[in-house]
Amino acid sequence: MEFLLLRLGDAHELQTPLFLLCLTIYTVTMVGNVLIIVLVVIDLHVHTPTYFFLVNLSSLETCYSSTILPRLLASFLTGDRTISVQGCMAQFFFFSTFATSESYLLATTSYDRYLATCQPLLYASLMNWKVRLQLVAGSRVVELLISRGITSFICRQRFCGPSAIDHFFCEEAPLLELSCSDIGMTRILIIVLSFLDVVFPFVFTLASYVCIIAAILRIPSSMGRHKAFSTCSSHLPMVIVFCETLIILYMLPRTAPLRQLNKKFSFSYSVLRPLTSPLIYSLRNRGVKGALGRVLRRAAACTDSSN
């Protein structure tokens, strides 16, 4: 059995512009995130806990985009919109895995910012290499457990009706709409797992930033407040963008009039948001801009010396 992905629309005249748009987004996303990873790895000045989590987030963004966009680009080129059931389940599993991991990594990064702002004297000892590795490993274990649970529930469904998925990739809600089985218990179990996937890390992140803002407001000098807030100014926009799009996407009803709007929010969440990550981190983060400047000066010096 195969599914038919209806993509972003059937209008023939839009296929080429959509292909070029998706190709540009994928290229910029990959180049931007890989550049951040390379800069942090080769520049010793940014070998700190914050940039350790940033590298993990950027690596997730590259994997995240690669589960959706290459398949979408290929369908634009070949016109083949079919996907096997096994391929669809694999795409959903990896997509949900990376999405879950990112939500927990954002929560972990907010905890890192909380310690840096509220416990500055104990920060180095509390956020050592062992703790960082444990936090990242823990987020990966949680992501695998939640994603495997949701995917196993969907794999148990019988798909015997229409095979057209009104979406541009295999997502949970459109897949369940095609099921011929009773999905009542499956929906309840998925809601419980989605609570662990979305709500818990969001509440943890929100609580961390409430404590951070309260600590910053207690700093007497305006310069001190500005310096403290600048340490999390690049992370906060990412949290806002990630959480608000995900919450809207999950809360928006899957009714026929809102189906296209739901698809647009999915495109914003799964395709456009990974594009904004390297832009926000490169434009608002002094460490990344400083690392880029040092690497470029080093490269220029090596070029001059070789000549």
Side-chain angles (χ1 to χ4, degrees), residues 1-12 14-15 18-19 22 64-100 103 143-198 245-273:
M1 181 180 177
E2 290 184 331
F3 291 126
L4 180 69
L5 290 170
L6 299 183
R7 298 188 308 207
L8 299 170
D10 292 324
H12 181 72
L14 292 178
Q15 302 309 301
L18 285 173
F19 170 77
C22 292
Y64 196 82
S65 298
S66 297
T67 61
I68 299 173
L69 285 175
R71 176 70 183 76
L72 183 60
L73 291 170
S75 70
F76 281 128
L77 282 177
T78 63
D80 181 15
R81 297 185 293 176
T82 60
I83 183 171
S84 66
V85 174
Q86 294 83 359
C88 189
M89 294 304 165
Q91 186 186 56
F92 172 75
F93 171 75
F94 286 111
F95 172 78
S96 61
T97 296
F98 296 133
T100 303
S103 64
E143 80 188 38
L144 288 172
L145 291 175
I146 293 177
S147 300
R148 184 170 181 176
I150 295 177
T151 306
S152 66
F153 292 140
I154 295 178
C155 286
R156 292 172 188 168
Q157 304 302 306
R158 288 189 306 111
F159 300 100
C160 54
S163 59
I165 300 177
D166 190 12
H167 218 289
F168 57 93
F169 72 101
C170 294
E171 198 179 27
E172 165 203 323
L175 279 171
L176 289 178
E177 289 177 358
L178 303 181
S179 174
C180 302
S181 308
D182 181 13
I183 60 173
M185 184 57 67
T186 300
R187 284 194 182 276
I188 293 174
L189 293 172
I190 289 177
I191 288 172
V192 172
L193 290 176
S194 297
F195 177 86
L196 299 174
D197 179 8
V198 180
T245 53
L246 195 59
I247 289 173
I248 291 173
L249 185 62
Y250 273 88
M251 291 181 64
L252 199 66
R254 290 286 305 180
T255 57
L258 295 176
R259 191 161 292 171
Q260 291 303 315
L261 183 60
N262 192 289
K263 197 184 295 186
K264 290 176 183 178
F265 273 113
S266 292
F267 187 82
S268 171
Y269 164 67
S270 59
V271 177
L272 292 179
R273 189 193 49 76

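In what follows, residues are counted from 1 in the order of the sequence shown. No hydrogens, no waters, no symmetry mates; every other heavy atom, side chains included, goes into these values.
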Taking ring pair (Phe, Tyr, Trp, His ring centres under 6.0 Å) as the test, write out the residues that go with Phe95, two or more places apart. Tyr64, Phe169

Side chains of Leu18 and Phe76: does their closest heavy-atom pair fall under 4.5 Å? yes

Test item: Cys88 and Ile165 side chains (from C-beta on) under 4.5 Å apart, heavy atoms: yes

Sequence neighbours left out, what passes side chain to side chain donor-acceptor pair (under 3.5 Å) with Glu143? Give chain and number order. Ser101

Going by side-chain contact (heavy atoms from CB on, under 4.5 Å), name the residues that satisfy it together with Leu144, two or more places apart in sequence or in a different chain. Phe93, Thr97

Indicate yes or no for a side-chain donor-acceptor contact from Thr151 to the backbone of Arg148 under 3.5 Å, with no hydrogens or angles considered. no

Spatial distance of atom CZ (Arg158) from atom CG (Leu178) [nearest 0.5 Å]: 13.5 Å

Listed by chain and number, what are the side chain to side chain donor-acceptor pair (under 3.5 Å) partners of Ser152, not counting sequence neighbours? none

Min side-chain heavy-atom separation Ile83-Cys170 under 4.5 Å: yes

Side chains of Phe92 and Ile150: does their closest heavy-atom pair fall under 4.5 Å? yes

Does atom CZ of Phe19 have more than 12 heavy-atom neighbours from other groups under 6.0 Å away? yes

So, do Phe267 and Cys22 sit near enough that their side-chain heavy atoms are less than 4.5 Å apart? yes

Partner set under side-chain contact (heavy atoms from CB on, under 4.5 Å) for Ser179, not counting sequence neighbours: Gln157, Phe159, Ser181, Ile183

Between Ser65 and Pro70, what is the shortest heavy-atom contact and its length? O-CD, 3.6 Å

